[in-house]
Amino acid sequence: MRDIKVGSIWVEKSKTVGKYVWRMRYENPVTCKVEKTSITLTSKSKQAGNQALNLMLDKIKKKIEKQSATLDIASEFILFSDIIDIWLEDQGRKIKHSTYATRTRYCNILKKDFKGKAIGDFSPLMIQRYFNKMPYTRKTLVTYFGIFRQIMNFAFRLDFIKVDLMKKVELSVPPITIEDMEKERKKLFSYDELKQIFILMTRPDCRRNALILEFLFLTGLRYGELASLKWEDYDKQASYIDINSTLDYSVGGVTKKCHTTPKTIASNKKVYLSNRSIEILTYFKSDNTRLLQNGRSFIDYGYIFPSRTGNPVSWRDLGRSFANFGKRAGFDRKFSPHALRHSHITHLVESGADQVAIMERVGHSDPTITTKIYTHTTDKMRSRLVDLIDEN
DNA sequence: GCTCAGGCAGAGATTAATAC
DNA sequence: GTATTAATCTCTGCCTGAGC
């Protein structure tokens, strides 16, 4: 406990006969304000004065201990943004860079929203109101809230605040809307629909993107897994590709060529290739050689799916190309490379493939994830169901 | 010269996947 | 079912180069 600065001490006659009220001014180290305290004794002698001083000091110490339990002394001076920086430094040691990058972006928003705010100034009501006003969707809110809670819990654990503020705050998430459900339905493509889009991509450069998108559909890979593929990962004899890393473009984009471990342990896998997938790889083998011989800016880093410069193909360009031609083909869908993973799994389910085999192929450790997230009901499935009912 | 598509990155938003 | 981690997606803007 900090030192208590004792001020003037004086004695007054109590209203009760034979009693004296000893009073003292002091500076409260918690509030930094000059406050007064008192004690009643039966004497105003010098000895009684010493006794009164000790008793009043005990009284003040108890009061300060109580105050410190709800307000940390340091919390008045330490800014929330400082706590965020300390927390991020701590996090940086134990999470992957992509997660760290995401958290840094969230934290930057928090820093902006609570600029100049001391950690000691936060209250449960203030936090509750802050999250109640947030315009984000359900899942984003949950993530945002989770990060905020982690920061506050970190501050509590390290005694920057003495009260577990987040215990009193609850996240109110909006209900699922029709738009949310509609969004889910717009993720899917059939192979025939995709072919309609690829036909439009006839220019030589577009052709590469079209084939990469087709390869994503045929293998169900994530973009990061595809972008990090090198020729040594391709076993031509056994017709599979070995997924042993992912491209982390959160570290300064694709040019940094940062490879890291796949998203999960189950994602470390072999993906066996169909004839069409092998055809696509064969095309890239010869087209990459053509780029090396003709392209002035092409450097061969050994990637299977490089851009014209030799860097791993960029996610944003793939997505943009997909969306441009998809819209031109007349589809009102969500054009993202990841939608092709959804479509791949649904396509396999639709074709009657074994669920465990699908799960292993796409790198899920739990079959319920495959079922829960990816298997959307398609028109083909609905029609087959009606046929079954008719047959019986 | 104009148009169009690819190449690239930063920041904010959202979702997937797993752990608990 | 909730929390946490890790990834993808969206929006934006500037630049380069090929084709017409």
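Note: hydrogens, waters and symmetry copies are ignored here, and every other heavy atom, side chains too, is used. Numbers restart at 1 for each chain; the letters A, B, ... are given by sequence-line order, proteins then strands.
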For [N] and [X] - does any side-chain N or O of the residue sit under 4.0 Å from the phosphate oxygens OP1/OP2?
X: A:Asn209; N: B:dA5; answer: no
X: A:Thr143; N: C:dT5; answer: no
X: A:Lys139; N: B:dA16; answer: yes
X: A:His342; N: B:dA16; answer: yes
X: A:Thr309; N: B:dC8; answer: yes
X: A:Arg341; N: B:dA17; answer: yes

Hey, does [X] reach any base, or is it just sugar-phosphate, or nothing, if we go heavy atoms under 4.0 Å?
X: A:Lys96; value: sugar-phosphate
X: A:Gly310; value: nothing
X: A:Ile147; value: nothing
X: A:Thr140; value: base
X: A:Arg149; value: sugar-phosphate
X: A:Gly319; value: nothing
X: A:Lys112; value: sugar-phosphate
X: A:Asn311; value: sugar-phosphate
X: A:Thr104; value: nothing

> Of A:Val362 and A:Ser314, whose closest DNA chain B nucleotide lies nearer the 5' terminus?
Replying inline: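 So the residue in question is A:Ser314.
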
> If you find the nucleotide of DNA chain B closest to A:Arg328 and the one closest to A:Tyr144, which residue's nucleotide is nearer the 5' end?
Replying inline: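 Whichever sits nearer the 5' end wins; that is A:Arg328.
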
> Short question: side chain of A:Ser228, backbone of A:Glu225 - any donor-acceptor pair under 3.5 Å?
Replying inline: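 Confirmed, A:Ser228 side chain pairs with A:Glu225 backbone.
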
Side chain of [X]: nearest nucleotide among [options]?
X: A:Val254; options: B:dA5, B:dA9, B:dA13; result: B:dA9
X: A:Val142; options: C:dT4, C:dG13, C:dT5; result: C:dT4
X: A:Gln150; options: B:dA17, C:dT5, B:dT14; result: C:dT5

side-chain contact (heavy atoms from CB on, under 4.5 Å) partners for [X], two or more places apart:
X: A:Glu12; answer: A:Trp10, A:Arg23
X: A:Asn268; answer: A:Asn244, A:Pro262
X: A:Thr289; answer: A:Gln293

Side-chain donor-acceptor contacts of residues 84-92 of chain A below 3.5 Å, not counting sequence neighbours, with atom names and distances?
{"from": "A:Asp85", "atom 1": "OD1", "to": "A:Lys111", "atom 2": "NZ", "distance (Å)": "2.6"}
{"from": "A:Asp90", "atom 1": "OD2", "to": "A:Lys94", "atom 2": "NZ", "distance (Å)": "3.2"}
{"from": "A:Gln91", "atom 1": "OE1", "to": "A:Arg103", "atom 2": "NH1", "distance (Å)": "2.2"}

> Given atom CZ of A:Arg320 and atom C1' of B:dG7, what is their separation to the nearest angstrom?
Replying inline: 8 Å

> Can you check the A:Arg103 CZ to C:dA7 P distance for me, whole Å?
Replying inline: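 Rounding to the nearest Å, CZ of A:Arg103 and P of C:dA7 are 12 Å apart.
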
> Name the one of A:Trp315, A:Phe284, A:Tyr234, A:Trp231 that satisfies ring-ring contact (aromatic ring centres under 6.0 Å, His included) with A:Phe305?
Replying inline: A:Phe284

Taking the six-membered ring for Trp, are [X] and [Y] ring centroids under 6.0 Å apart?
X: A:Phe325; Y: A:Phe198; value: no
X: A:Phe189; Y: A:Phe322; value: yes
X: A:Phe131; Y: A:Tyr136; value: no
X: A:Tyr223; Y: A:Tyr249; value: yes

Would you tabulate the nitrogen or oxygen pairs shorter than 3.5 Å linking the protein to nucleotides 8-10 of chain C?
{"from": "C:dT8", "atom 1": "OP1", "to": "A:Gly224", "atom 2": "N", "distance (Å)": "2.8"}
{"from": "C:dC9", "atom 1": "OP1", "to": "A:Ser336", "atom 2": "OG", "distance (Å)": "2.8"}
{"from": "C:dC9", "atom 1": "OP1", "to": "A:His338", "atom 2": "N", "distance (Å)": "2.6"}
{"from": "C:dC9", "atom 1": "OP2", "to": "A:Trp315", "atom 2": "NE1", "distance (Å)": "2.3"}

> Between the two ends of the helix from B:dG1-C:dC20 to B:dC20-C:dG1, what is the bend in degrees, rounded to 10 degrees, where each end axis spans five pairs?
Replying inline: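 About 40° separates the two local helix axes.
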
>> Any non-hydrogen side-chain atom of A:His338 less than 4.5 Å from a side-chain atom of A:Arg222?
In response: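 Yes, at least one pair of side-chain atoms sits under 4.5 Å.
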
